[in-house]
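When a residue number appears, it is its place in the shown sequence, counting from 1. In this text, all values refer to a predicted model and were calculated from it rather than measured experimentally. We count ligands from 1, going down the list as the structure has it; atoms in each ligand are counted the same way. Computed from heavy atoms alone, side chains included, the values below leave out hydrogens, waters and symmetry copies.
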Amino acid sequence: MNMEQNSSSGGAPRASPAVPVRNRRLPQRPFDYKFQLILIGDRGVGKTCILERFSDDTFSISSKSTVGVDFKIKTIKTKGKTIRLQIWDTAGQERFNSISAAYYRGAKGVLVVYDITNEETFENLPKWLMMIDKHAAPDIEVIVIGNKKDKEELRQVSTERGEKFAYEHNCRFCEVSAKENLNVKDVFLKLVDDIVDKVPPEIAPFGFEDTKLSLPRSEQGGREPSRVFCCTTG
Ligand SMILES: Nc1nc2c(ncn2[C@@H]2O[C@H](COP(=O)(O)OP(=O)(O)OP(=O)(O)O)[C@@H](O)[C@H]2O)c(=O)[nH]1
């Protein structure tokens, strides 16, 4: 994946009357598509750390609990397109669920995170999928993520159980480690690629608004069962 941090576009150079028309440069778009993603899952599973690893390539062992929602912007290049991601990091604590719910609606993709060393966070996954069904668009792309893969000796949820759960719910699946930077970029890239693949060809890349991507509900499909797994090993 070719990733770049955000940089403001320089804007259009002023056209001089002396410059032949064919040499004038059109204003450069800063990105082709803009997508919103959202991270959900129980408290302490590592949502903030996954996002910080992806956006800033940092990791904090003393990450504080998220209050309400937070977000980061990250621009990536994939499939020949420049894509600006607005990634919402939600609080895992139940008391913030109603605040987070407001952010599901505009999201094109969701990363549902559990902690492979904490059985309860895995058992709570159906609760998070219900939140998606209730609050998100029906065609949202979903990836289930087992985090803290670096703590194998404390593992409580096998990779096979994670895979089976994702398979049964027609989601992609991957185990990652925010701490060791294992598979973190891959999950975001896979999710974004899936979203790009769904953009109908008649919708040309655009600059600033993602509203053009909102299809009439009648044209929205559900999740595709054939595209289930990514990076199940590693
Ligand atoms: N060993 C290990 N620890 C991790 C990893 N990811 C996160 N942690 C630790 O897990 C704890 C919780 O991480 P957060 O990113 O704050 O978890 P969260 O899901 O955002 O939590 P809430 O904001 O409360 O919902 C922190 O102490 C992190 O350092 C990982 O991949 N490996």
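Residue Phe59 is found in a hydrophobic cluster whose other members, listed by chain and number, are Ile61; membership requires side-chain heavy atoms under 4.5 Å apart, directly or through intermediates.
Looking at residues two or more places apart in sequence or on another chain, you find a side chain to side chain contact (heavy atoms under 4.5 Å, CB included) between Thr58 and Glu52, Asp56. Residues passing the side chain to side chain contact (heavy atoms under 4.5 Å, CB included) test with Phe71, sequence neighbours excluded: Ile73, Gln86, Trp88.
The closest side-chain donor-acceptor pair between Asp115 and Thr121, if any, does not fall under 3.5 angstrom.
Pocket lining of ligand 1, defined as residues with a non-hydrogen atom under 4.0 Å away: Asp42, Arg43, Gly44, Val45, Gly46, Lys47, Thr48, Cys49, Phe59, Ser60, Ile61, Ser63, Lys64, Ser65, Thr66, Ala91, Gly92, Asn147, Lys148, Asp150, Lys151, Ser177, Ala178, Lys179.
Checked by atom type and distance alone, the side chain of Asn147 pairs as donor or acceptor with a backbone atom of Ala178 at under 3.5 Å.
By the 4.5 Å heavy-atom criterion applied to side chains, Arg155 and Lys149 are counted as neighbours.
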